[in-house]
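Take a look at the structure set out below.
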Amino acid sequence: MHFELTEEQLMIRQAARDFAQTELKPGVIERDEHQKFPAEQIKLLGELGFMGMMVSPQYGGSGMDAVSYAIVMEELSKIDASASVVVSVNNSLVCYGLEKYGNESQKQKYLAPLAKGDVIGAFCLSEPEAGSDATALRATAIDMGDYYLLNGTKNWITSGSTASTYIVIAQTDASKKHLGINAFVVDKGTAGFTVGAKENKMGIRGSDTHSLHFNDVKVPKENRIGQEGSGFKFAMSVLEGGRIGIAAQALGIASGAYELALKYAQERKAFGKAIADHQAIQFKLADMATEIEAARLLVYKAAWLKDNGLPFGNASAMAKVFTSETAMRTTTEAVQIHGGYGYVKEYHVERLMRDAKITQIYEGTSEIQRIVISREALK
Ligand code: CAA
Ligand code: FAD
């Protein structure tokens, strides 16, 4: 067992760190304030090869491992979790889903532009009345011979208005329950497909979250991903990898807040000395550092299992629940260490605290991760 990163992983980390400092940090407060999508930054991330990190070069990707992907997600999320969620969905839900389960022509047509960052992808599972209980989804895709007729509403879709390629999960035969569900690729601009209003969110405000409406949308037969009835397993399988991305995002939010708190604690004076010289603050910093280290090991372990072709669903659920709860605790303590300054926007930690909250909700809430983990333990 060894814990060192490879030379390549260290170089990738440095590239992501530099990018976050030079391209994401300027303007991050304004983008959050005005809910401005980081379009220019996402384009540059595509040029760096970070939008299709694990995709084979054959399909326009960078052919990197999942550990490198987690490292990049952490570094970007230290500075801007709104940008990193776009990276996460594109890499681990859309590109991974197409590369693992798509056929050759779907890969040529859809995967290559997504992996190069020429277009953005969205993953559409959740609905107004079906989030955690994903098999309860109501969107229908009726087999009409040459095409499927898609009807329904998807909620909370990340990159809802900025994406061009949408993976939509819908019910084709309700009598078969989850075995009647399919996954489809739907192009932006298809007749009957409209994007609803943008959500006004607590955090990750730079990312665009929308409801999507499908009204008699004709989806060509060749746009179904995988075998008839495989859509639910497709979604669950893809989410196993997605949860590594979100766990790494939460890790980044936590470490970003910790780094700011560590620096501030050494600069700010109270009662004649730096607040870092008060043991109460030292113990907060010690707890933050310890939890972040444990979180990082869980994230890397899940990514390592994936890279080695071993089952990783349980590990990714553990990584997600632990890192997201670490992010919430760490960012709250980082605000506390900043005192009143932590409560205003210029010091970044209040944004990190707002951003941390979503990591306990999307890609399966903390309660859902505990269901996944306990089912594995009890089986
Ligand atoms: N891989 C493959 N198949 C799986 C699977 C997995 N990880 N997990 C379950 N399945 C299969 C099961 O084997 C079962 O199939 P069979 O009976 O044919 O064997 C079928 O799926 C149903 O499984 P369950 O009985 O376990 O289903 P359930 O109704 O109890 O739900 C759940 C399980 C884990 C709670 C699931 O519904 C779930 O993960 N919910 C959360 C949804 C979620 O994470 N949404 C995220 C949306 S994307 C997003 O949020 C993006 C973003 O933020 C940016
Ligand atoms: P519910 O499922 O209604 O849950 C409400 C509460 O009940 C939660 O605390 C939950 O944990 C709890 N609960 C539910 N069932 C159980 C149970 N069996 N046991 C214990 N507790 C339970 N979805 C997509 O498909 N694509 C996206 O790109 C996407 N991006 C998102 C971006 C944002 C900003 C947000 C807010 C959401 C996004 N989502 C996306 C949706 C997200 O995945 C869901 O919000 C999430 O899965 C929870 O579903 P819900 O909101 O319907 O809550």
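Any value given below was found using the heavy atoms of this structure, including those in side chains, with hydrogens, waters and symmetry copies removed. Each ligand, and each atom within it, is numbered from 1 in the order the structure gives.
Taking atom 20 (C) of ligand 2 as the reference point, the nearest protein heavy-atom neighbour is Glu367 CB, 3.9 Å. The protein heavy-atom contact nearest to atom 52 (O) of ligand 2 is Gly131 CA, 3.2 Å. Considering only non-hydrogen protein atoms, atom 46 (C) of ligand 2 sits nearest to Ile361 O, 3.6 Å. Remark: minimum distance from atom 23 (N) of ligand 2 to any protein heavy atom is reached at Ser126 OG, 2.7 Å. Atom 53 (O) of ligand 2 has its closest protein heavy atom at Ser132 OG, 4.2 Å. Residue, atom and distance of the protein heavy atom nearest to atom 51 (O) of ligand 2 are Trp156 NE1, 4.1 Å. Of the protein's heavy atoms, Ile368 CD1, 4.6 Å lies nearest to atom 16 (C) of ligand 2. Remark: minimum distance from atom 35 (C) of ligand 2 to any protein heavy atom is reached at Ile358 CD1, 3.7 Å.
Using a 30° and 60° split on the angle between ring planes, Tyr347 and His338 fall in the perpendicular class, above 60°.
Of all atoms in ligand 2, listed by their number and element, those nearer than 4.0 Å to a heavy atom of Ile371 are 17 (C), 18 (N), 19 (N). Near Thr365, meaning under 4.0 Å from one of its heavy atoms, ligand 2 places the atoms 10 (C), 11 (O), 48 (C). Atoms of ligand 2 lying under 4.0 Å from any heavy atom of Phe123, numbered from 1 in the order shown and given with element: 24 (C), 25 (O), 26 (N), 27 (C), 28 (O). The distance from ligand 2 to the heavy atoms of Glu363 drops below 4.0 Å at these ligand atoms: 43 (O). Remark: ligand 2 atoms within the under-4.0 Å shell around heavy atoms of Lys201 are 34 (C).
Taking a distance limit of 4.0 Å, we find that atom 31 (C) of ligand 2 is approached by some protein heavy atom. Protein heavy atoms are absent from the space less than 4.0 angstrom from atom 7 (O) of ligand 2. When distances from atom 51 (C) of ligand 1 to the protein are checked, a heavy atom turns up under 4.0 Å. For atom 12 (C) of ligand 2, no protein heavy-atom neighbour is present inside the 4.0 Å cut-off.
The closest non-hydrogen atom to atom 54 (C) of ligand 1, taken over Leu125, Val89, Thr135, comes from Val89.
With ring centers used as reference points, Phe193 lies under 6.0 Å from Tyr166.
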Apply side-chain hydrogen bond (donor to acceptor under 3.5 Å, both in side chains) to residues Glu8 and Ser68 and explain how you reach the verdict. CA-CA 9 Å; Glu8 193 187 346; Ser68 298; 5.7 Å; no
